[in-house]
Amino acid sequence: MAINVVILAAGQGKRMHSSLPKVLQPLAGKPLVDHVIAAARALSPARICIIYGHGGEQVPQTLRSDDLVFARQEPQLGTGHALMQALPHLDSGHDTLVLYGDVPLLSAQTLSALIKGKSGTLRILTAELADPHGYGRIVRNAKKSITGIVEEKDATARQRRIREINTGIMLLPGKRLQTWLAKLSNRNAQGEYYLTDVVALAVKDRVKIESCAAQDDREILGVNSKQQLAQLERIYQQWTANRLLDAGVTLADPSRLDVRGELHCGRDVRIDVNCVFEGQVEISDGAEIGANCVIRNTKIGAATLVAPFSSIDGAEIGENCRIGPYARIRPDTRLDSEVHIGNFVEVKASSVGCGSKANHLSYVGDSSVGRDVNIGAGTITCNYDGAYKHRTIIEDGVHIGSDVQLVAPVTIGKGTTVAAGTTIWKDTAQGGLVLNAKTQHQRPEWQRPRKKVKGDK
Ligand code: UD1
Ligand code: CA
């Protein structure tokens with residue numbers, strides 16, 4: 001059954017103390033409301049309408065997408081008033097699901113369960129809380145049927161003792177929505193148009209009211225402060241770690257893992273502590289990630305070892321490679337299998353062939369490196385002339401000594417050996433040894449300068 005989804009996201013979020021609107025604050029690397037939109041999309045709704053207000057056009061500008069419509073609520077006069085702004089965008093033939101932009105952990109399963117069943121019913125996602133403080137309470141009659149929702153500020157002392165609360169998430173019958181919203185009033189403690197008052201209207205109209213609970217109680221948590229944002233981040237990360245563990249990934253410590261995007265792992269992948277994964281990351285069978293690595297938008301081949309403190313962004317890394325410790329791999333890098341990139345080596349926009357090695361203190365940028373190449377310590381590709389970037393081509397089997405500068409554009413021919421300390425600024429022929437003519441002098445009479453001490457003349 002098709003539905004409309006309305007995401008309420010106009011509130012201010014004063015307690016965030018931030019100029020970024022609350023719903024745009026990041027959780028696991030993306031705006032809070034993006035998580036809500038993702039859960040909504042999983043339901044294949046006919047329409048997703050986002051109510052925005054605080055923070056102005058920043059919200060629609062950030063979220064813009066073909067399948068979203070935006071309605072501005074100005075001023076913000078309550079949750080019922082917020083939903084009124086969506087009416088022109090909704091198909092009244094469909095029921096409407098109301099979500100909050102600051103409740104990001106709701107699962108698609110919980111939402112599917114909430115919207116399942118016959119159309120025309122009012123369905124409310126509720127929860128039993130040990131501490132219901134601050135929430136609207138679900139009021140039931142002697143037969144346990146829901147008769148209303150009362151906000152904390154309007155509740156009697158007795159009602160405040162009710163522990164069943166309104167999460168705010170509800171499914172409203174399309175045929176009734178417009179008439180109910182028109183009947184809301186703001187005669188209450190906060191002078192707001194409460195969406196929750198539709199419950200009493202449903203009772204009057206003899207519309208069936210049902211409640212339903214989330215699969216996990218923590219799904220309904222909202223974000224009003226940076227503390228809550230941090231708490232929800234931990235819950236999200238814990239769930240992500242559990243999913244990886246269930247799929248067979250070995251995590252040295254599931255509480256010290258951060259996934260800000262999607263991480264896909266093959267069999268027997270091991271991940272040590274304090275690693276951060278961003279964007280789309282794929283790690284193949286038997287690969288191992290050492291402690292304190294930051295890896296984004298990267299594919300890592302089977303049995304590859306990424307040693308601690310490595311930073312990898314936008315790379316495709318083959319099988320059986322050894323990366324790091326302290327390697328930096330930047331976007332548009334492709335490493336074939338059995339490549340070694342060692343400590344303090346930076347590789348950018350380069351391809352490196354099978355079995356090649358750059359083990360210490362190098363910069364390889366804008367380069368095509370062939371197979372079985374050895375790049376000695378301290379070798380630098382001088383790719384930038386101050387205005388343009390140029391490419392360096394290092395053909396198969398080249399051996400480059402330590403501390404070599406390759407001034408691009410330049411090609412090192414197949415099998416060439418470049419002597420330590422050479423500056424290459426012209427293409428080399430294949431094979432042989434290339435070196436700069438330098439002479440070595442020794443002056444036996446030369447003395448190292450010495451500091452004067454008292455008494456010296
Ligand atoms: C609301 C519910 C309460 C429920 C609680 C759950 C009402 C009257 N009360 O209370 O029963 O227990 O949520 O957290 O519905 N929003 C707008 N425009 C507005 C007001 C709010 O877009 O004019 C949005 C907010 O950005 C937020 C959501 O609606 O995403 C809830 O608003 P909030 O002020 O947090 O509602 P509560 O008063 O806490
Ligand atoms: Ca709230």
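Note that ligands are numbered from 1 as they come in the structure, with each ligand's atoms numbered from 1 the same way.
Side-chain contact, H81 with E192: no donor N or O sits under 3.5 Å from an acceptor N or O. Side chains of D67 and S65: a donor on one and an acceptor on the other come within 3.5 Å. In this model, no donor atom of one side chain and acceptor atom of the other lie less than 3.5 Å apart for Y52 and Q58. Between the side chains of S18 and Q25, at least one donor-acceptor pair of N or O atoms lies under 3.5 Å.
For ligand 1, none of its N or O atoms has an N or O atom of N224 under 3.5 Å away. Geometrically, ligand 1 and G11 share a nitrogen or oxygen pair separated by less than 3.5 Å. For the pair Y135 and ligand 1, the shortest N or O to N or O distance does not fall below 3.5 Å. Checked against a 3.5 angstrom limit, the closest N/O atoms of L8 and ligand 1 fall inside it.
Between Y236 and H35, the angle of the ring planes goes over 60°, which puts this pair in the perpendicular group of the 30/60° scheme. The aromatic rings of Y326 and F344 sit parallel, their planes meeting at an angle under 30°, below the 60° perpendicular limit.
Of the heavy atoms in A82, only side-chain atoms (C-beta onward) come closer than 4.0 Å to ligand 1. When non-hydrogen atoms are compared, ligand 1 lies under 4.0 Å from neither the backbone nor the side chain of H81.
For the ligand labelled ligand 1, residue E151 lies inside the 4.0 Å heavy-atom shell. Under the 4.0 angstrom criterion for non-hydrogen atoms, I165 is not in contact with ligand 1.
Contact atoms of ligand 1 toward L77: 23 (O) (distance under 4.0 Å to a heavy atom of the residue). Which parts of ligand 1 touch G136 is read off a 4.0 Å heavy-atom cut-off, strictly below it: atoms 3 (C), 4 (C), 11 (O), 12 (O). Taking every non-hydrogen atom of Y194 and a distance limit under 4.0 Å, the qualifying atoms of ligand 1 come out as 8 (C). Atom numbering of ligand 1 starts at 1 in the shown order; those under 4.0 Å from a heavy atom of T167 are 6 (C).
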Kindly determine whether T121 and E210 satisfy side chain to side chain donor-acceptor pair (under 3.5 Å), including the steps that lead there.
CA-CA 7 Å; T121 319; E210 289 173 351; 5.0 Å; no
Please report the C-alpha distance between Y384 and D366 in whole Å, then the side-chain angles of each, then the deciding distance to 0.1 Å, and finally whether the side chain to side chain donor-acceptor pair (under 3.5 Å) criterion is met.
CA-CA 10 Å; Y384 186 46; D366 302 304; over 6 Å; no
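The nearest non-hydrogen atom to atom 30 (O) of ligand 1, considering only I51, N188, D102, comes from D102. Scanning N166, V199, V23 for the heavy atom closest to atom 12 (O) of ligand 1 points to N166. With G78, G80, G222 as candidates, the residue nearest to atom 23 (O) of ligand 1 on a non-hydrogen basis is G78.
With hydrogens and angles disregarded, a donor-acceptor distance shorter than 3.5 Å links the side chain of E152 to the backbone of G134.
Under the side chain to side chain contact (heavy atoms under 4.5 Å, CB included) rule, K22 has a single partner from N224, V59, V33, which is N224.
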